[in-house]
A.B. asks: 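Take a look at the following structure, please.
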Amino acid sequence: MSKAIKTDICIIGAGSGGLSVAAGAVQMGARVVLIEKGAMGGDCLNTGCVPSKALLHAAATGMGWRAAHEHVRETIASIAPHDSVERFEELGVTVIKGAARFSGRRSVTVGDTEVHARRIVIATGSVPFVPPIPGIEDVPYLTNETIFDLAQAPGHLIVLGGGPVGVEMALAHRRLGAEVTVIEAERALGREDPEAAALVLDALRAEGVTIEEGAKAVRLRKLDDGVELVTQDGRVITGSHLMVAVGRKVVTEGLDLDKAGIETTGTGIKVNARLRTTNRRVFAIGDAAGGLQFTHLAGYHAGVIIRSMLFALPAKATTAHIPRATYTDPELAQIGPTEAEARETYGDRLTVARIGFAAIDRAIATGRGAGFIKVMVVKGRPVGATIVGADAGEHIGLWSLAIASKLKMSAISGMVVPYPVMSEINKRAAGTYFSPRLFDSASVKRVVRVVQKLVP
Ligand SMILES: Cc1cc2nc3c(=O)[nH]c(=O)nc-3n(C[C@H](O)[C@H](O)[C@H](O)COP(=O)(O)OP(=O)(O)OC[C@H]3O[C@@H](n4cnc5c(N)ncnc54)[C@H](O)[C@@H]3O)c2cc1C
Ligand SMILES: NC(=O)c1ccc[n+]([C@@H]2O[C@H](COP(=O)([O-])OP(=O)(O)OC[C@H]3O[C@@H](n4cnc5c(N)ncnc54)[C@H](O)[C@@H]3O)[C@@H](O)[C@H]2O)c1
């Protein structure tokens, strides 16, 4: 070992989570070492959120294949300086390129350097999970790590998995001219509210995407000009290309976690509510923490552990206010429990306030009346919301604020938005919560009659 560095915080992985910890901690005065073995920016910038949303945008605007992929490359290149080694070194972070592994409870090795740190952060993210389907070893397949580099539009893309990755990629590739079949073992977008998911899936089908549900892939075979996929119930689907999008595997391999006394679970690194691993000097955040997998969650985790590491504050990570959105057309956004999940938890105490975009003047004026919002309300406070419709992802943030700040529905109905905006739907949802209480109430009517009689 030729070099040793002492630092306050050592971060493994420069993706959404690791970069947020590094930028925050160094600007508040901590000494920070950041280690990255691949491209700065991690999955989100290089192979995830950014290229997928850029490709969806390009496909929606009718660009051809080459222009669309040029747009993807330009988008990544425009954002990359923000995540670059240069920017982080300018901020004062020591950036080391290479694969890190633990060499002890407080130390990490990368190349010929040993880093000793008071606190260590595992932000190693996840990679595509490739299921052991018989035949897969002989079949060429794409994942999110390779699909954005395809030189030409596939003739017929088979997408294995109908989760958010699968449906977003299905839509983009269909709009770019490919025939697309989604193969889903259970229900596509199966974690989502079924009614909202159906709206998205119907729209996808209307654009020509074939969606095979209840279709568990059990065999794959290489053909001269493509791939054959066989499902458990005997459906045979052939295509020119296969994309595997059946979930993610947390990156723990090669980290030598046992040298630091860090345990894992079936889905990730074992952490407590404060995101501490079984080694109390080591934290795990983002995808590596084994829970939800979103860039904004990794960013939120970063804030939680910065409070803990820099200020010794007992900060805990919660999930009640963490939203998600799938960027299909229409978009689907969710926070907290769906209606069915809330019904299960709260039973009769649940009220669902619902209104369609068809009731919103701006939606009518702009032909965007498809979709709805449902707000799950318990004791006058929102606990969850489902929004499906144009720009649903833009509207869900308000409900994160409401849930995080424990606002009542009256705070939302009291808000004034400019007329006519699509986000009026949030206020109108709160209005539908109160209208039966105001308009169908005998006691309200009695009070109004008395006031009218008595007040001059
Ligand atoms: C196709 C796709 C689309 C997505 N779209 C969205 C979206 O629209 N919105 C959203 O919120 N989320 C989206 N996600 C999820 C999002 O990309 C992840 O949740 C997010 O990137 C997780 O951040 P992270 O910091 O935990 O890990 P990552 O961003 O994966 O970063 C981990 C980094 O650690 C590095 N690393 C790993 N091991 C080592 C080691 N031993 N030494 C050094 N470095 C190491 C890796 O090279 C990587 O750069 C999408 C994912 C995919 C696949
Ligand atoms: N817009 C976003 O925020 C966004 C977009 C993409 C991805 N992500 C994140 O990335 C993660 C991974 O997404 P994903 O879509 O890869 O995984 P996922 O786990 O959400 O969905 C995978 C789907 O594949 C199906 N499946 C599994 N094995 C199968 C088989 N043998 N045959 C047929 N179907 C099978 C599952 O039933 C499931 O519906 C998500 O959890 C999400 O957090 C987020």
Side-chain angles (χ1 to χ4, degrees), residues 48-49 52-61 144 147 157-176 178-215 243 245-247 292-294 322-342 352 354-360 363 366-376 384-397 399 422-423 425-426 429:
C49 339
S52 60
K53 268 79 256 181
L55 195 68
L56 279 164
H57 167 76
T61 55
N144 68 293
I147 196 160
L157 177 66
I158 300 176
V159 180
L160 184 62
V165 172
V167 295
E168 288 183 357
M169 287 300 93
L171 176 62
H173 284 81
R174 178 68 197 135
R175 287 183 168 178
L176 289 168
E179 202 182 317
V180 178
T181 304
V182 176
I183 306 291
E184 167 55 50
E186 295 169 25
R187 220 161 39 79
L189 296 176
R191 270 194 289 268
E192 307 297 344
D193 175 270
E195 197 186 349
L199 222 110
V200 171
L201 298 175
D202 286 349
L204 269 174
R205 289 191 176 102
E207 294 203 33
V209 174
T210 304
I211 304 171
E212 301 277 355
E213 296 187 289
M243 178 187 187
V246 296
L292 300 170
Q293 298 175 331
F294 301 110
I322 306 295
R324 62 176 184 264
T326 303
Y327 299 89
T328 39
D329 186 4
E331 291 183 2
L332 201 173
Q334 177 71 42
I335 185 164
T338 60
E339 180 177 359
E341 289 161 352
V352 178
R354 176 195 171 114
I355 189 162
F357 275 99
I360 305 301
T366 54
R368 294 180 291 168
F372 60 83
I373 181 170
K374 278 187 204 176
V375 185
M376 278 50 81
T386 303
I387 310 178
V388 60
D391 300 329
E394 304 289 339
H395 303 314
I396 202 75
W399 299 99
M422 292 289 279
S423 61
I425 195 152
N426 290 324

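None of the values given here were measured: they were computed from a predicted structure.
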A.B. asks: Would you name the heavy atoms of Ile396 and Ala333 that are closest together and state the gap between them?
C.D. replies: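 Minimum heavy-atom contact is CB-CB, 3.8 Å.
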A.B. asks: Report the distance from atom CH2 of Trp399 to atom CE of Met376, rounding to the nearest 0.5 Å.
C.D. replies: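 Those atoms lie 10.0 Å apart.
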A.B. asks: Which heavy atom of Thr386 sits nearest to which heavy atom of Ala196, and what is that distance?
C.D. replies: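 That would be CG2-CB, 3.8 Å.
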A.B. asks: Give, for atom CZ of Phe372 and atom CD1 of Ile425, the distance between the pair rounded to the nearest 0.5 Å.
C.D. replies: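 Here the rounded value is 9.5 Å.
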A.B. asks: Once rounded to the nearest 0.5 Å, what's the spacing between atom CZ of Arg187 and atom CG of Leu201?
C.D. replies: 8.5 Å
A.B. asks: Considering non-hydrogen atoms only, spot the tightest contact between Leu189 and Pro164 and give its length.
C.D. replies: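 Shortest heavy-atom contact: CD2-N, 4.2 Å.
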A.B. asks: Between Ala325 and Gly393, which heavy-atom pair has the shortest distance, and what is it?
C.D. replies: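 What the structure gives for the nearest pair is CB-CA, 3.9 Å.
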A.B. asks: If we ignore hydrogens and angles and just use 3.5 Å, is the side chain of Asp391 paired with the main-chain N or O of Glu394 as donor and acceptor?
C.D. replies: no
A.B. asks: Show, in sequence, the C-alpha distance, side-chain angles and deciding distance for Leu56 and Arg175, and conclude whether the side chain to side chain contact (heavy atoms under 4.5 Å, CB included) test is met.
C.D. replies: CA-CA 9 Å; Leu56 279 164; Arg175 287 183 168 178; 6.0 Å; no
A.B. asks: Which one of Val180, Val209, Thr210 satisfies the side chain to side chain contact (heavy atoms under 4.5 Å, CB included) criterion with Leu204?
C.D. replies: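 Among the candidates, only Val209 passes.
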A.B. asks: For the atom pair CG (Leu171) and OG1 (Thr328), what is the distance rounded to the nearest 0.5 Å?
C.D. replies: 7.0 Å
A.B. asks: Please confirm whether the backbone N or O of Ala215 pairs with a side-chain atom of Glu184, one donor and one acceptor, at under 3.5 Å?
C.D. replies: no
A.B. asks: Locate the shortest heavy-atom distance separating Val182 from Gly162; write the atom from each residue and the value.
C.D. replies: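 Heavy atoms of Val182 and Gly162 come nearest at CG1-CA, 3.8 Å.
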A.B. asks: A side-chain contact here means heavy atoms from C-beta on lying under 4.5 Å apart; do Arg368 and Ile360 qualify?
C.D. replies: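 No - every pair of side-chain heavy atoms lies 4.5 Å or more apart.
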A.B. asks: Quick check for you: to the nearest 0.5 Å, what is the distance between Ile322 atom CD1 and Gln334 atom CD?
C.D. replies: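 Nearest 0.5 Å value for the CD1-CD distance: 13.5 Å.
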A.B. asks: Taking NZ, NE, NH1 and NH2 as the nitrogens, is one of them in Glu339 or Arg354 under 4.0 Å from a carboxylate oxygen of the other?
C.D. replies: no
A.B. asks: Report yes if some heavy atom in the side chain of Phe294 is under 4.5 Å from a heavy atom in the side chain of Arg324; otherwise report no.
C.D. replies: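 They are in side-chain contact.
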A.B. asks: Test Glu168 against Leu55 for side chain to side chain contact (heavy atoms under 4.5 Å, CB included), laying out the working first.
C.D. replies: CA-CA 9 Å; Glu168 288 183 357; Leu55 195 68; over 6 Å; no
A.B. asks: Identify the two heavy atoms, one from Val388 and one from Pro330, that lie closest to each other, and give their separation to 0.1 Å.
C.D. replies: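 Shortest heavy-atom separation between Val388 and Pro330 comes out as CG2-CG, 4.1 Å.
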A.B. asks: Can you check whether Asn144 reaches Ser52 side chain to side chain, under 4.5 Å on heavy atoms?
C.D. replies: no
A.B. asks: Do Glu331 and His395 touch side chain to side chain, with heavy atoms closer than 4.5 Å?
C.D. replies: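 A side-chain contact under 4.5 Å is absent here.
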A.B. asks: Is Arg205 paired with Glu213 through a side-chain N to carboxylate O contact shorter than 4.0 Å?
C.D. replies: yes
A.B. asks: Measuring only between side-chain heavy atoms, which start at C-beta, is Val200 closer than 4.5 Å to Glu192?
C.D. replies: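 When only atoms from C-beta onward are counted, Glu192 and Val200 do not touch, as no gap falls below 4.5 Å.
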A.B. asks: Can you find a pair of side-chain heavy atoms, one from Val375 and one from Asn426, that are under 4.5 Å apart?
C.D. replies: no
A.B. asks: Using 0.5 Å steps for rounding, measure from the CD atom of Glu212 to the CD1 atom of Ile158.
C.D. replies: 10.0 Å
